[in-house]
Each structure stands twice: as structure tokens, then as C-alpha cells.
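Keep in mind the model is a prediction, meaning the values are calculated, not measured.
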Amino acid sequence: MTSQPPATPPGAPASPLGTAHPAGVRGAVRAVPAYPFTPTQVPTKLDQNESAYDFPAHLKAEAAARMLSRPWNRYPDLHAEGVAARVAALEGWDPAGVVLTPGSNLLIKLLTELAGIGQTVLTVSPTFSVYTLEAQMLGARLVSVPLNADFSLPVEGLKAALREHPPGVLYVTQPHAPTGHADTEAAVREVVEAAGDDWVVVIDEAYHQYSGTDYRALVREGAGRLSLRTFSKAWGLAGARIGYALTSPDLATQLRKLVPAFNLGVPTSSVLEVALENPGYVQERAAEVVRERERVFAALAHHPSWQLLPSRSNFYLIRTPDAGAAYRHLLAHGIVVRRQDSLPMLEGCLRVAVGTPAENDALIAAAQAFGEG
Ligand SMILES: *Cc1c(COP(=O)(O)O)cnc(C)c1O
């Protein structure tokens, strides 16, 4: 993660503020690195697992019209109850168990506040960096169990950790990030059931539309379980910032205490309403992503030195002999991807989002050119 290119170009003057921190900043915050992402301006952007397609233009226009028809001088719903009820209808969920926030990353912070501070955050390694950054900043005991060599869930290791550590919050990501691996439902169930009633169990389903997995039924079976979902990926709405939790009314009541009041404004709820009224494009696009991903895999199956690792998501890992060289080669071809080679088990790995057909063609051509060079 620290291997991303530096934010300050080499030779640029250091910040005039220097490196001193006000003494009041907690040590746990100082100790955590900044979120590991540096924006890069190039034609082909495959570094953030976004949808390659924007929210449809006619729906954007409808959302803008709706926004204009609403008062802006009034506070919105306290907890976005109106749109939460519509999300509940879409998901077949009790509205009392739906919690909406500007992006599911905020829910991860709030869940860590709810069940992690002074307690335990349990996850696997490698994992989504937000779980570990929040755990470290908020003062939770962070326990990371290494994935199995094939990237499957370390079921026995997680069960042992659930027994050995005081309860808190467990994060399971399905399909997983950054590997793209989807586990069997039996493996996920075994881990979730081992957590019993003492742990808050979060199944992060940010990419479920691509894998076809769905853990709503498992979540419904226990009051401490929660499915974390987002409009940032398959819905093509990362720029709108909307995420949500599906959980029991009891856990939702506790979680809502931590959600800032009035935190979904008129612009966001207008976009969300229009999306929920027109969900037809989502599955269609997810299916195209899967087809395109398989096309890239077929095209690069015999690459002399790069190996594409199987994925059930809208991104995949490429293992290369030298991630830095591969990253720079792609950048020289106008393609930005994400280095993952500083993470455990991901030596030499780049993470690449599935793009439009033209973007995937560019990736294939650049990869093949590397093989020749
Ligand atoms: C992209 C992603 C999310 C979504 O975060 P938002 O804040 O909703 O954009 C959540 N979890 C994982 C693992 C992700 O990769």
C-alpha cells in the first residue's frame, strides 16, 4: 500500500507546514498511514474497481429535475427514512433494519465504533484496507487471520480467533477484496455460525452482483448479523456516495445512534430515488462485466510472464515478476491500475478493474506488448 507513487512529485518543495503534528492528535491516528490512494490522470482508469459506465444520462436528468423540485432550506429526514423504505422494498427487507449512509465506508467506521473500540476487529489478510485502518485509528484490537493459499476463507483459523479473542466485529467480504475470490456458502455459514450471538458479523457484499452470491438469508438468521451493500459498484454511482446496511431492527437501532443526523441530503436522495425506480440496467451491466472479464482472461491465458488470478468480481489480480515494472509499463500505455504487491500473499500483484470493451482491448494490447518487450 505504501508502494503507490508519492503524492508529492520528486524534487517538489516540502510542505511549508513541515511534519510536526499538534500534540493533541492521538497517537493511534498519527500511526496510521493516509488512505492508500493517489489519483492519476490517464485515459484508461482501471484502479478503483468502479463501473466503467456512468449512470445513464436520462436518469441523471431526471434526478436533477427532482432535486430542483425539492426545498433546499429544510433539513431532510433524520435518518433518510423515506429512501430507506424504498431500499427495503428493493431488497425485501424490514425497513426498520435498513441504515443508509453516504458510502458504505462510513458504515465501516460506525460499525467499528459500535463493536470494535476497546474490543476486537477480526478480519482476514489480505483484506479491504478500510477495516484495518479504522480498527487501528479507533483503538480496537485488530486480529487478522491469513487467507488460505488459494485465497479461500481460513475457516479453522477464524473459528479459533473467534474463540480466543473477546468479542467485537468480524468482517467477511464476499466476494473478497482485493482477491475477487468467492467462497462456498458452506464455508461462510460455518464462520458466521461460529461467531454465535456475541459478535457483530458483517458480510460486505459490495460486489455481489458480479458473483451472484447473496447472504441476505444467512444475515436474517441472527440479530447480530449485517449485510453491507453499496451503490458505488454495479449501480455506477460511486460519485453519489450511497451505502447501506441490511440488519435486524435491534442492531439497526444501535447503529443509527452513531450515524450523523440528517446525513443524506436532497441531492443524494434524489439520485437514489431515481436509481431505485430504474434498476433494470444493473444486472445487464454486471453480466457484461463478467463476459468482458472472461474475454480478458482468455486473451491473456498464455501470457509468457503475467498470470491472471481467477475472480468472481469486477476486478482481478495479475501476478507479475515485478509489479513496479508492470505498473509503469501500463502507465506508459495510458492505463492506470492498482499495485497490491506490498500486501501479504500478493507479491508482484496488480489489481485491475474490468473496463469498457475498448479499455479492456487497450489492457490486453499493453499486456501483450510487455510479453514481447
Ligand atoms: C468499493 C468497496 C466498498 C464500497 O465503499 P463505498 O464507500 O460504498 O463507496 C465497500 N467494501 C469494499 C470491500 C469495497 O471494495
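- Hydrophobic cluster membership differs between Leu111 and Ile117, with clusters built from Ile, Leu, Val, Met, Phe, Trp and Tyr side chains linked at under 4.5 angstrom.
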Inset, instruction - Walk me through it: do Leu350 and Arg339 pass the test side-chain contact (heavy atoms from CB on, under 4.5 Å)? - result: CA-CA 5 Å; Leu350 305 176; Arg339 284 182 66 166; 3.9 Å; yes
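- No side-chain donor-acceptor contact under 3.5 Å links His165 to the backbone of Thr120.
- The aromatic ring centres of Tyr281 and Tyr53 sit 6.0 Å or more apart.
- When side chains are defined from C-beta on, Trp199 counts as touching Leu162, because their heavy atoms get closer than 4.5 Å.
- A donor-acceptor contact shorter than 3.5 Å links the side chain of Glu81 to the backbone of His79.
- With Ser270 as the fixed residue, the side-chain contact (heavy atoms from CB on, under 4.5 Å) test singles out one of Leu272, Thr268, Val266: Val266.
- With hydrogens and angles left out, the side-chain atoms of Asp183 and Gln174 include a donor and acceptor closer than 3.5 Å.
- Residues Glu292 and Arg285 are not paired through a salt bridge, judged by the lack of any N-O separation under 4.0 Å between the basic side chain and the carboxylate.
- Looking at Arg338, its side chain does come within 3.5 Å of a backbone N or O of Asp47 through a donor-acceptor pair.
- Leu138 and Leu114 fall into different hydrophobic clusters, where Ile, Leu, Val, Met, Phe, Trp and Tyr residues are linked whenever their side-chain heavy atoms come under 4.5 Å apart, directly or through other members.
- For the residue pair Asn360/Arg293, the side-chain donor-acceptor check at 3.5 Å is not satisfied.
- Remark: the backbone N or O of Leu107 is not paired with any side-chain donor or acceptor of Ser104 at under 3.5 angstrom.
- Using a cut-off of 4.0 Å between Lys/Arg side-chain N and Asp/Glu carboxylate O, Arg189 and Glu185 are scored as not salt-bridged.
- Ring planes of Phe370 and Trp306: tilted class, angle from 30 to 60°.
- Although no hydrogens or angles enter the test, the distance criterion places no donor-acceptor pair under 3.5 Å between the side chain of His333 and the main chain of Arg328.
- Here Arg216 does not pair with Glu205 in a salt bridge; the nearest charged N to carboxylate O distance is not below 4.0 Å.
- Taking 4.0 Å as the cut-off between side-chain N and carboxylate O, Asp214 and Arg229 count as a salt-bridged pair.
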Legend entry - Working for side-chain contact (heavy atoms from CB on, under 4.5 Å), residues Leu170 and Val202: CA-CA 6 Å; Leu170 163 66; Val202 177; over 6 Å; no
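- Contact detail for Asn263 and Pro102: the closest heavy-atom pair is OD1-CD, 2.8 Å.
- In this structure, the side chain of Arg220 does not engage the main chain of Tyr215 through any donor-acceptor pair within 3.5 Å.
- Using modelled atom types, no side-chain atom of Thr127 and backbone atom of Thr123 make a donor-acceptor pair closer than 3.5 Å.
- Ile318 and Val296 fall within the same hydrophobic cluster, where Ile, Leu, Val, Met, Phe, Trp and Tyr residues are linked whenever their side-chain heavy atoms come under 4.5 Å apart, directly or through other members.
- Under the 6.0 Å cut-off for aromatic ring centres, Phe128 and Tyr171 do not qualify, their centroids lying 6.0 Å or more apart.
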Inset, instruction - Check the pair Arg141 / Gln119 against side-chain contact (heavy atoms from CB on, under 4.5 Å), numbers first and verdict last. - result: CA-CA 6 Å; Arg141 175 205 310 240; Gln119 307 197 88; over 6 Å; no
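- Among all heavy-atom pairs drawn from Arg256 and Val98, the shortest one is NH2-O, 3.2 Å.
- Under a cut-off of 6.0 angstrom, the local environment of CG in Asp197 is sparse, with at most 12 non-hydrogen atoms contributed by other residues, nucleotides or ligands.
- A salt bridge does not link Lys109 with Glu113: none of the charged nitrogens is closer than 4.0 Å to a carboxylate oxygen.
- Other residues, nucleotides and ligands contribute over 12 non-hydrogen atoms within 6.0 Å of the CZ atom of Arg30.
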Inset, instruction - Let me see the working for Leu264 and Asp77 under side-chain contact (heavy atoms from CB on, under 4.5 Å), right down to the final yes or no. - result: CA-CA 8 Å; Leu264 224 62; Asp77 288 354; over 6 Å; no
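- At a threshold of 4.0 Å, the pair Glu50-Lys233 does not count as salt-bridged, since none of the basic side-chain nitrogens sits closer than that to a carboxylate oxygen.
- Using a 3.5 Å distance cut-off with no hydrogens or angles, the side chains of Asp150 and Ser152 do pair a donor with an acceptor.
- Hydrophobic clustering (ILVMFWY, side-chain heavy atoms < 4.5 Å, transitive): Val352 and Phe297 are in one cluster.
- Hydrophobic cluster membership differs between Leu78 and Leu106, with clusters built from Ile, Leu, Val, Met, Phe, Trp and Tyr side chains linked at under 4.5 angstrom.
- Residues Tyr207 and Asn49 have side chains that bring a donor and an acceptor to within less than 3.5 angstrom of each other.
- Summarising the geometry of Pro344 relative to Ser125, their closest heavy-atom pair is CG-OG, 3.1 Å, with the distance given to 0.1 Å.
- A salt bridge links Asp361 with Arg295; the closest basic N to acidic carboxylate O contact falls under 4.0 Å.
- Remark: side-chain polar atoms of Thr230 are paired, donor with acceptor, to backbone N or O of Ser232 under 3.5 angstrom.
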